[in-house]
Every structure is written in C-alpha cells, then in structure tokens.
Amino acid sequence: MATDRYNAREAEPRWQKAWEERGIFTTSNDDPRPKYYVLEMFPYPSGRIHMGHVRNYAMGDVVARYKRAMGLNVLHPMGWDAFGMPAENAAMERKVHPKAWTYQNIAAMKAQLKSMGLSLDWTREIATCDSDYYKHQQKMFLDFWQAGLVERKLGKVNWDPVDQTVLANEQVIDGRGWRSDAIVVQREMPQWYFAITKFSEDLLQAIDRLDRWPEKVRVMQRNWIGRSEGLHVRFALDPATTPNRETELAVFTTRHDTLFGAKFMALSADHPLAAAAAAKNPALAEFIAECRRHGTAQQLIDTAEKLGFDTGMKALHPFDPEWKLPVYVANFIVMDYGTGAIFGCPAHDQRDLDFANKYGLGNTPVVCPPGQDPKTFVITDAAYDGDGRMINSRFLDGMTIDEAKEEVARRLEHTSREGRPVARREVNFRLRDWGISRQRYWGCPIPVIHCEQCGIVPVPEGDLPVKLPDDVDFDRPGNPLERHPTWKHVACPKCGAPARRETDTMDVFVDSSWYFARFTDPWITTAPTNRRQVDHWLPVDQYIGGVEHAILHLLYSRFFTRAMKLTGHAGLDEPFAGLFTQGMVVHETYRAASGEWVMPAEVKVEGGGEARRATLLASGEPVTIGPIEKMSKSKRNTVDPDDIIASYGADTARWFMLSDSPPERDVIWTEEGVQGAWRFVQRLWRLVREAGEVAAAADAPRPPRFGEPALALRKAAHRALAHVSEDIERLRFNVCVAHIYEFAN
RNA sequence: GGCCGCGUGGUGGAACGGUAGACACAGCAGACUUAAAAUCUGCUUCUGGGAAACCGGAGUGCCGGUUCGAGUCCGGCCGCGGCCACCA
C-alpha cells in the first residue's frame with residue numbers, strides 16, 4: 001500500500017509542462033466567445049513570492065478556471081510592478097545594479113509562480129521597468145500634459161530625509177515615510193503633478209455605481225475625496241490694522257449658520273497675510289517658524305495644544321461692520337484646504353472652543369439643542385455640534401440649521417463689496433493633486449527638457465523612450481540621475497541650445513495605474529493601447545488584491561483611466577467592475593529563550609489544546625508561542641511557499657489557502673491545517689481512482705433506479721455542483737471547500 | 001475625535017427571517033497493525049436525568065423591540081478590529 005499515494009511532486013510538474021506545451025492558458029484576442037477578464041494585483045519583484053501572493057493568486061485562479069469551464073474567453077495575465085525603492089536599496093547595500101537585481105528577482109519569482117500551477121497567460125507578461133512599457137507611459141504623460149492634466153507647480157512637499165525623496169500624502173503614515181519610516185519634513189520644491197482633482201466630483205459620484213466593490217473600500221474612497229459643501233466668505237479687514245493696506249480675508253466654512261457665534265478669525269502659518277504681518281512683527285515671525293517646525297509631526301497633533309498669535313488685525317463681521325473680530329495666526333489651520341483661514345465659532349466647534357478658552361475670547365451659543373431652554377444653555381468646555389434651533393442670531397433666530405445656512409448664503413450672495421458678492425457657495429474637496437515627482441533613479445523618467453530659452457519643453461514623441469542610463473552609481477544617497485556625468489545634458493528640442501533633462505522620475509503608482517490596459521494587447525508598439533482590444537476587454541470583471549490598496553492604487557487607476565479616455569487611449573471611465581479585497585495571511589509567532597524571533601520552520605510544535613508546546617528543532621530548547629500576527633520578516637513568522645510546494649505540492653497549498661477562513665478575512669496559516677488539506681488531496685485522488693476502477697469494471701452500465709446508492713450519489717453530486725458554482729460566483733471559497741468535503745464524505 | 005466592519009463550541013468558521021453549530025482543525029474512543037505512521041469508524045455547545053437508546057432545559061457579547069418565528073431585522077449599551085484624522 002505504500003505506493004498507493006498521490007505523488008504531487010511528480011504529477012504537478014508533469015501536468016504543468018503539458019499545459020505549457022499545449023499553451024492551453026494562452027488567450028486569443030480573436031476568440032468570438034464572450035470575454036471575462038480576471039486579474040490579481042501584480043507583484044513587486046522583491047525576490048520571492050510569499051503566502052499573501054499564494055492566497056491572492058489561488059483565488060484568482062479559481063475564478064479563471066471556473067469561468068473558462070463555463071465557456072468564456074478568459075483573460076488572466078501576469079506581470080511585474082518592477083520599479084521602486086527596494087531595487088535601489090539593494091544596489092546601495094549589495095552593489096547590485098537595480099536592473100540586474102530586478103530581472104533576477106523576476107526570473108526567480110516567475111519560476112515560483114509556475115510551480116503553483118496557475119492558469120496564467122504568460123505570453124502577455126509585462127514588466128513596468130521595461131522601456132517597451134514605460135515608453136508608452138511617457139507618451140501618455142505628454143498627452144495628459146497636452147490635455148491640461150499635468151502641472152508643474154511649486155509645492156510644499158513631504159520630503160523623506162532618509163530616502164531623499166518626495167512622498168505623496170498617501171505615502172506619509174503618521175508623519176513618517178511609508179518605506180523608510182523616517183520622520184517626514186516639509187520642503188518647497190517644483191514638482192510634477194497629475195491633476196486628479198479635476199475629476200474630484202466625477203470620481204466621487206461614480207463610486208455609487210461601483211456596486212461590485214466592497215462597501216468598505218467605497219467608503220474609504222469617498223472619505224478620501226472628502227467633498228464639503230459650504231460658503232466662501234470675504235471678510236472685510238479694518239484697514240487701519242493691516243500691514244500693507246490689505247482689504248479682505250476670505251474663509252471657507254460649512255457652518256455659516258453659526259456666523260453670529262464668531263469670536264475670532266484664524267490664519268494658517270503659511271497664509272500670505274500672516275507672512276505680511278510677520279514682516280513687521282518679529283515675534284509673529286518667530287511664532288510662524290515655530291508652527292512650521294511642529295507642522296510635520298502628525299503624532300503630536302492629537303495632543304498638541306491649540307496655539308495662536310494675535311496679529312492685531314481686525315476683521316469686520318459681514319452682517320455688522322461695527323463688529324470687529326481679532327485675527328490670529330493659529331497652529332491648527334492648514335493652508336492647503338479651503339482658503340487657509342477660518343472664522344472661529346467656539347460654541348459649536350471643539351477646536352475653536354479650546355482656542356477661545358485658552359485666549360479668553362469667550363463664546364456665544366447660537367444653536368440650541370432640542371428641549372434645551374435657550375436662556376440657560378451655556379457652553380463651557382464641550383462644543384455643541386448637534387442639531388437644534390438658532391438663537392442669539394438676530395434674523396436667524398428660530399430657524400433650523402439648514403434654514404439658517406440657506407438664509408446666510410442667500411443674503412451674502414446678494415451683498416456686494418467692491419463690485420463682487422461677499423460670499424459664494426463653494427464645494428471643497430479634501431483630495432489633492434497627485435504629486436508624481438520622485439528624486440530617484442529606478443523609475444520611469446519624466447520626458448521633459450528644461451531649456452534656458454524655451455522653458456519647459458516636452459521630449460518629442462519620436463525621441464521616446466527616454467531611457468534610464470545603465471552606468472550609475474549608488475555610493476551616496478540622493479538621485480543618481482542628477483549626478484550622472486552626461487545623461488541630463490541634452491540639446492533643447494526647440495532651439496537646439498544646451499539644455500537639461502528632467503531628472504525626476506515618476507511615482508511607481510503611475511506604473512500600476514494602467515498595466516491592466518496594457519495586458520489587453522501588450523504587443524502593440526505604436527501606442528500605449530490597442531483601442532479595439534482595450535475597449536473589448538476592459539473593464540476588468542474581477543480584480544483581486546489586498547485592501548492596503550483601497551485608496552492609493554485604486555483611486556489612481558480610476559483617475560488614469562479617465563485621463564486615458566480624455567486622451568483617446570481608452571474608451572471608459574472605470575477600470576474595475578468587480579473588486580475583491582482579500583485578507584492577510586497570519587501566523588503564530590515564536591520566541592526563543594534568548595528573546596529572538598524564531599521561524600516556524602525551525603520550530604517543532606507538539607500536542608494540541610492546552611498541551612500545545614513548541615521546541616527548537618535543532619536544540620530542543622523550549623520556545624514561547626506568541627500571538628498570531630501578519631507574516632513579516634521582522635517577526636520571522638513567515639512560511640516559504642517553496643517549502644510547502646516541495647513537501648505537499650501546490651494543490652495542497654492552494655486548497656488550504658481557500659479553506660477555513662472567509663477570503664476577505666485574515667487566514668491563520670497552521671501546520672495542522674496544511675496537513676488536513678494534504679490528507680484531503682490524497683483522499684480525493686483515491687476516490688477518483690476507485691471511481692475509475694468501478695466504472696471500468698461495470699460491464700453493462702444502466703441508469704440508476706430510485707433508492708439505489710448510485711442515484712443518491714448523482715443527486716449529491718448535482719447538489720454539490722450547484723452549491724460550489726453559486727459560491728464561486730460569490731467568491732465564498734471557504735464555503736465551496738466545505739461543500740466539496742461534504743460531497744466527498 | 002469621525003467613519004466603517006465584526007462579536008456564534010476548545011479553535012477557524014457554516015446557517016434565502018424557518019431544525020444553530022455544516023465543513024475543517026484540535027481532542028477522545030474504537031478498528032486495522034508486532035508496533036508506529038497512514039487509513040477507516042464513531043463521539044465531541046453547555047446542562048439535568050438515564051446503564052444505554054434516549055428524554056428535558058438553556059444557548060449566537062449585554063438589554064430591549066418588531067415577528068407566528070430573530071444568530072439574522074430595528075434601537076440602546078459593552079468589547080474587539082480597521083481606515084481616516086486639527087479638512088473649517
């Protein structure tokens with residue numbers, strides 16, 4: 001009976017070879033059958049695949065194989081998100097060229113993915129660091145520029161002092177760089193931007209129609225775009241109090257109903273008026289400098305005290321010129337939202353209240369909660385931001401908040417000062433333009449030339465791609481392109497005079513914002529996309545990946561698709577019709593007596609339940625079993641997919657990944673669970689073989705009669721089929737697995 | 001602070017508003033083995049009674065509501081997790 005076993009190690013490569021030789025997963029663009037595009041987020045070629053990849057690609061592969069079995073023409077491609085910092089880090093640490101490092105990693109990971117037995121069309125493989133790919137990205141950059149979607153502006157940017165680069169807001173987490181973990185500082189630099197905010201309204205509205213996206217992601221995107229309806233109000237300034245005869249101060253507010261509760265005005269430290277006032281007031285200048293120093297450390301914001309500095313300026317209340325409000329510079333006002341200035345209503349905004357209490361500005365409640373007596377309603381240290389009726393507000397008294405807002409807006413819209421209305425209704429978004437400049441080598445060069453005479457000149461289309469030079473060194477931090485001896489020195493395409501090549505490269509998120517479109521025809525050399533194919537295949541019917549990309553990658557891709565439509569490279573707005581965000585792979589952590597983390601492969605775990613204990617495989621030394629956490633290098637709780645595939649086979653690894661946990665939740669990788677999956681693979685193999693033997697032995701097959709075991713089996717089979725089909729459609733793989741177990745039983 | 005999600009056996013988790021705990025893991029018992037592994041069979045929410053087959057009671061974080069009927073729907077708490085966060 002020893003030979004009576006399924007030998008995955010022998011069978012899997014044999015079949016994988018057969019599939020490859022027959023090209024059965026190659027998808028034809030001319031196939032007349034209805035299309036189905038299933039895509040998993042392509043990997044960064046870090047060197048090895050990890051269990052997160054296994055889970056992600058196992059799910060996508062089930063969908064691909066299922067849809068293929070249902071008679072659809074399935075596109076299921078794979079590629080590499082190949083630009084980025086780790087390649088440069090490797091170059092600095094190990095003296096390997098980023099290109100060599102990246103392509104070695106791609107080769108290694110491709111072999112690993114192949115051993116997983118995924119039904120991928122490898123003929124469409126792309127790597128974003130390949131000039132055959134980024135050349136088209138440069139072309140689109142120029143087209144976007146032409147279409148007014150690219151801007152170069154001096155911006156306050158997040159500067160990562162360790163990686164020596166600019167980061168997008170989205171890449172700053174708790175005031176630290178998302179990769180380096182260094183505290184980010186603010187710097188003024190000319191930067192390239194994609195004008196994503198031109199699509200703010202549309203990107204927001206269209207979320208409603210993404211009905212096959214997880215609600216969680218839709219909410220996150222809505223919040224990120226952050227639409228607020230409010231009023232832009234121009235406050236007149238008392239000219240006697242202003243430094244350079246400034247006449248007004250504009251604010252944006254969503255609570256214009258509380259205008260009669262105003263006690264002060266506050267400016268951002270970066271507001272031009274603050275700078276003007278500071279020019280004549282050294283103490284104020286010092287305060288502003290202090291605010292800037294604190295501005296970056298997001299961690300402190302929570303606890304930071306509200307601080308302000310009275311500029312001496314006075315603003316006049318829009319409904320009462322006799323009512324003068326002091327103008328402060330305050331540390332809690334950000335310049336890049338609204339106008340960088342507010343009016344403070346302490347009674348109904350906690351921040352304003354904290355501020356007013358500190359500086360003794362008092363407060364006047366103007367919204368009275370239902371059931372409260374206006375005469376006794378007072379605010380001390382908790383602002384009231386709930387519903388109610390207007391009080392202490394002259395002509396607004398008795399109105400609801402909404403009525404009061406409308407009345408204020410209506411009146412101020414029709415009041416004019418210096419020939420213009422005092423207020424206008426305005427919609428503000430939290431979303432900022434996408435800063436794509438990176439002072440790095442290993443990215444897509446921005447195809448632009450700076451000329452003394454002609455200014456900023458696009459690289460002519462015929463000169464694309466602007467290729468990265470190969471001869472660069474990494475012995476210092478900073479951008480190797482900047483200090484390359486010749487690369488940046490070029491002739492101006494317009495006037496021929498000596499000019500300078502742009503040395504910024506694009507954010508890696510640009511690379512991944514359109515790869516799904518390139519997959520539809522990766523062979524076309526004359527354009528980024530083949531319009532016939534891109535319009536046929538897109539949108540992606542089912543996109544699967546980690547929830548960590550819920551904002552960045554997915555929002556950028558939605559923007560990019562719109563920009564491609566505007567420039568004729570695609571014909572639709574939304575790239576991903578169906579989105580699924582899978583959970584992480586987590587594992588127990590192990591710690592040796594020395595306190596060092598120990599890898600699962602070095603540990604022997606025995607017993608179950610209470611008696612469960614672990615020892616070091618090598619020495620027998622006891623090991624502490626720690627909490628279950630995301631697989632990570634730092635905690636060393638990773639399991640190498642290669643080891644699992646070598647000892648159990650890919651089917652076991654994939655089967656286990658889909659069992660037990662619902663796919664959107666975290667799955668706990670356990671040795672016992674893998675063993676269970678392995679047992680079932682064996683059992684299934686035996687069952688199928690036995691069934692084959694029975695079938696071969698039956699001399700006269702006839703339809704089974706009612707009550708016979710064969711009929712019951714047929715019924716069970718059909719029930720299982722129905723359940724499994726339904727649950728694959730709903731991506732409930734763990735339930736599919738249970739149904740299959742049930743049927744096998 | 002804001003928004004969102006989740007609380008079901010020892011564990012991961014099933015359950016169109018209709019037999020709660022499918023399926024798996026762990027555990028226990030048995031069969032086969034000289035033995036182990038593998039495999040197969042059975043038991044396994046708690047609790048009372050019974051030698052057993054079985055009979056009864058409680059039970060999906062807590063409190064209340066809607067309903068003939070609630071793990072599921074509604075309201076309020078408690079706890080855990082995630083995302084965003086001086087966004088005016």
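Proteins get letters first, then strands, A, B, ... in listed order; numbering begins at 1 in each. Since we're looking at a predicted model, the values are computed, not measured.
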Under 4.0 angstrom, heavy atoms only, what part of the nucleic acid is A/Gly673 near: base, sugar-phosphate, or nothing? nothing
Is it true that a side-chain atom of A/Arg218 and a backbone atom of A/Ile207 form a donor plus acceptor pair closer than 3.5 Å? yes
In whole Å, what is the span from the CH2 atom of A/Trp669 to the C1' atom of B/U11? 18 Å
Result for 5'-nearest mapping on RNA chain B, choosing between A/Phe252 and A/Ser661, is A/Ser661
Which part of the nucleic acid, if any, lies within reach of A/Ser659 when heavy atoms closer than 4.0 Å are counted: base, sugar-phosphate only, or nothing? nothing
Separation of B/A24 atom C1' from A/Glu671 atom CD, nearest Å, is 16 Å
Ring centroids only, cut at 6.0 angstrom: are A/Tyr741 and A/Phe680 within range, meaning strictly under it? yes
Mate of B/G56 across any strand shown (Watson-Crick or G-U wobble, both atom pairs under 3.5 Å) is B/U47
Counting Watson-Crick and G-U wobble pairs only, both distances under 3.5 Å, name the nucleotide matched with B/C6, or none. B/G79
Give a yes or no on whether a donor-acceptor pair under 3.5 Å exists between the nucleobase atoms of B/C86, that is its base, and the side chain of A/Lys306. yes
Give a yes or no on whether the ring-centroid distance for A/His723 and A/Phe743 is below 6.0 angstrom. no
Answer yes or no: side-chain N or O of A/Arg432 and base N or O of B/C87 forming a donor-acceptor pair under 3.5 Å. yes
Between B/A14, B/C23, B/C84, which nucleotide has the shortest distance from any of its atoms to the side chain of A/Pro662? B/A14
side-chain N/O A/Arg679 vs B/C25 OP1/OP2, d < 4.0 Å: yes
Does any nucleotide pair with B/U33 by Watson-Crick or G-U wobble geometry, both distances under 3.5 Å, and what is it? none
Please report the distance separating the P of B/A24 from the corresponding atom of B/U45, rounded so that it comes out in whole Å. 15 Å
Flag the pair A/Glu406 and A/Arg425 as a salt bridge only when some basic side-chain nitrogen lies within less than 4.0 angstrom of an acidic carboxylate oxygen. yes
If only side-chain N and O atoms of A/Ser228 are considered, is one of them under 4.0 Å from the OP1 or OP2 phosphate oxygen of B/A88? yes
Which part of the nucleic acid, if any, lies within contact of A/Asp352, taking any heavy atom under 4.0 Å across all strands shown: a base, the sugar-phosphate backbone alone, or nothing? nothing
Does B/G71 sit syn or anti, given that only angles within 90° of 0 count as syn? anti
Which part of the nucleic acid, if any, lies within reach of A/Ile740 when heavy atoms closer than 4.0 Å are counted: base, sugar-phosphate only, or nothing? nothing
NZ-CG distance between A/Lys263 and A/Leu353, expressed to the nearest 0.5 angstrom: 12.0 Å
Ignoring backbone atoms, establish whether A/Asn734 has a side-chain N or O less than 4.0 Å from OP1 or OP2 of B/C23. no
Write down the partner of B/C86 under the Watson-Crick or G-U wobble criteria, each distance required to be under 3.5 Å. none
Of the candidates B/G13, B/A15, B/A88, the side chain of A/Arg732 sits closest to B/A15
Is there a Watson-Crick or G-U wobble partner for B/C28 with both distances under 3.5 Å, and which nucleotide is it? B/G42
Write down the distance between CD (A/Gln350) and C1' (B/A88), rounded to a whole number of angstrom. 14 Å
In whole Å, measure the gap between the C1' atoms of B/G18 and B/G2 for me. 39 Å
Proximity of A/Phe656 and A/Trp678 rings by center, below 6.0 Å: no
Take A/Val334 and A/Asp727, find for each the nucleotide of RNA chain B with the closest heavy atom, and name the residue whose nucleotide sits nearer the 5' end. A/Asp727
Go through B/C86, B/A24, B/A14 for me and flag the one nearest to the A/Val735 side chain. B/A14
At under 4.0 Å, does any side-chain N or O of A/Arg665 touch on OP1 or OP2 of B/G81? no
Taking the six-membered ring for Trp, are A/Phe264 and A/Phe343 closer than 6.0 Å centroid to centroid? no
Ignoring backbone atoms, test whether A/Tyr741 places a side-chain nitrogen or oxygen under 4.0 Å from the OP1 or OP2 oxygen of B/A24. no
Which part of the nucleic acid, if any, lies within reach of A/Asn223 when heavy atoms closer than 4.0 Å are counted: base, sugar-phosphate only, or nothing? sugar-phosphate
If we take the C1' atom in both B/A58 and B/A20, what is their distance in whole Å? 13 Å
From B/A26, B/C83, B/C86, nucleotide with atom closest to A/Glu672 side chain: B/A26
Quick one: look up who B/C68 pairs with, Watson-Crick or G-U, both distances under 3.5 Å, and put none if it's unpaired. B/G18
Of B/C86, B/C84, B/A88, the nucleotide closest to the side chain of A/Asn331 is B/C86
Which whole number of Å gives the distance between the P atom of B/U67 and that of B/C62? 23 Å
Looking at the rings of A/Tyr328 and A/Phe309, which for Trp means the six-membered one, are their centres under 6.0 Å apart? no
If the cut-off is 4.0 Å, is A/Arg686 near the phosphate of B/U39, judged by side-chain N/O to OP1 or OP2? no
